[in-house]
Novice: 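Okay, handing you the structure first.
The first residue of the sequence shown is numbered 1, and numbering continues consecutively from there. Computed from a predicted structure; not experimentally measured. For the numbers below, each heavy atom of this structure counts, side chains included, while hydrogens, waters and symmetry mates do not.
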Amino acid sequence: MNGNTEHGMKHIATFCGQCNCGCPELWIDPDAPDERRVVITDDFGQRIQMSLGQLSDLVDDVKNGVVDQVLVAGR
């Protein structure tokens, strides 16, 4: 975590970051309701909000290979 903040949100990670195109980012919004605390932004100005529990489920699924087929098909 780099600790940067924007609009009260705490920056956690930038995915890619090798360009200047507005890469997807992961934020925590400590002022949001629990069910919307995690914010993922994309390079099109869109955002997804979810709970920490939902993020945990997503991370577990990724670690367990649930999305591997999508990644292999997309290459």
Side-chain angles (χ1 to χ4, degrees):
M1 291 190 329
N2 69 15
N4 289 341
T5 60
E6 180 175 308
H7 307 293
M9 295 193 302
K10 184 172 179 109
H11 185 260
I12 304 301
T14 299
F15 305 104
C16 175
Q18 304 302 316
C19 59
N20 195 18
C21 65
C23 300
E25 295 181 280
L26 176 64
W27 300 82
I28 297 295
D29 185 350
D31 298 326
D34 289 344
E35 67 273 9
R36 300 179 70 176
R37 184 129 319 145
V38 177
V39 179
I40 300 174
T41 60
D42 70 12
D43 50 342
F44 302 107
Q46 303 296 309
R47 60 194 273 160
I48 297 169
Q49 291 177 267
M50 65 182 72
S51 68
L52 286 170
Q54 289 171 313
L55 177 63
S56 178
D57 290 344
L58 176 64
V59 169
D60 287 345
D61 284 350
V62 169
K63 286 179 178 179
N64 290 324
V66 171
V67 297
D68 286 354
Q69 288 181 1
V70 174
L71 297 176
V72 170
R75 291 183 182 176

Novice: Checking side chain to side chain contact (heavy atoms under 4.5 Å, CB included) against E25, which of D43, D42, I12, T14 comes through?
Specialist: T14

Novice: Scan the side chains in residues 34-41 for donor-acceptor partners under 3.5 Å anywhere in the protein, sequence neighbours excluded, and list what turns up.
Specialist:
from	atom 1	to	atom 2	distance (Å)
D34	OD1	R37	NH1	3.1
D34	OD1	R37	NH2	3.2
R36	NH2	Q49	OE1	2.6
R37	NE	D29	O	3.2
R37	NE	A32	O	3.3
R37	NH2	A32	O	2.4

Novice: Enter the distance from D31:CG to K10:NZ here, rounded to the nearest 0.5 Å.
Specialist: 13.0 Å

Novice: What residues, two or more places apart in sequence or in another chain, satisfy side-chain contact (heavy atoms from CB on, under 4.5 Å) together with D60?
Specialist: S56, N64

Novice: Within the 4.5 Å heavy-atom criterion, are I28 and L52 side-chain neighbours or not?
Specialist: yes

Novice: Minimum heavy-atom separation for G8 to P30, with atom names?
Specialist: O-CD, 3.3 Å

Novice: Are F15 and F44 in one and the same hydrophobic cluster, where Ile, Leu, Val, Met, Phe, Trp and Tyr link if side-chain heavy atoms are under 4.5 Å apart?
Specialist: no

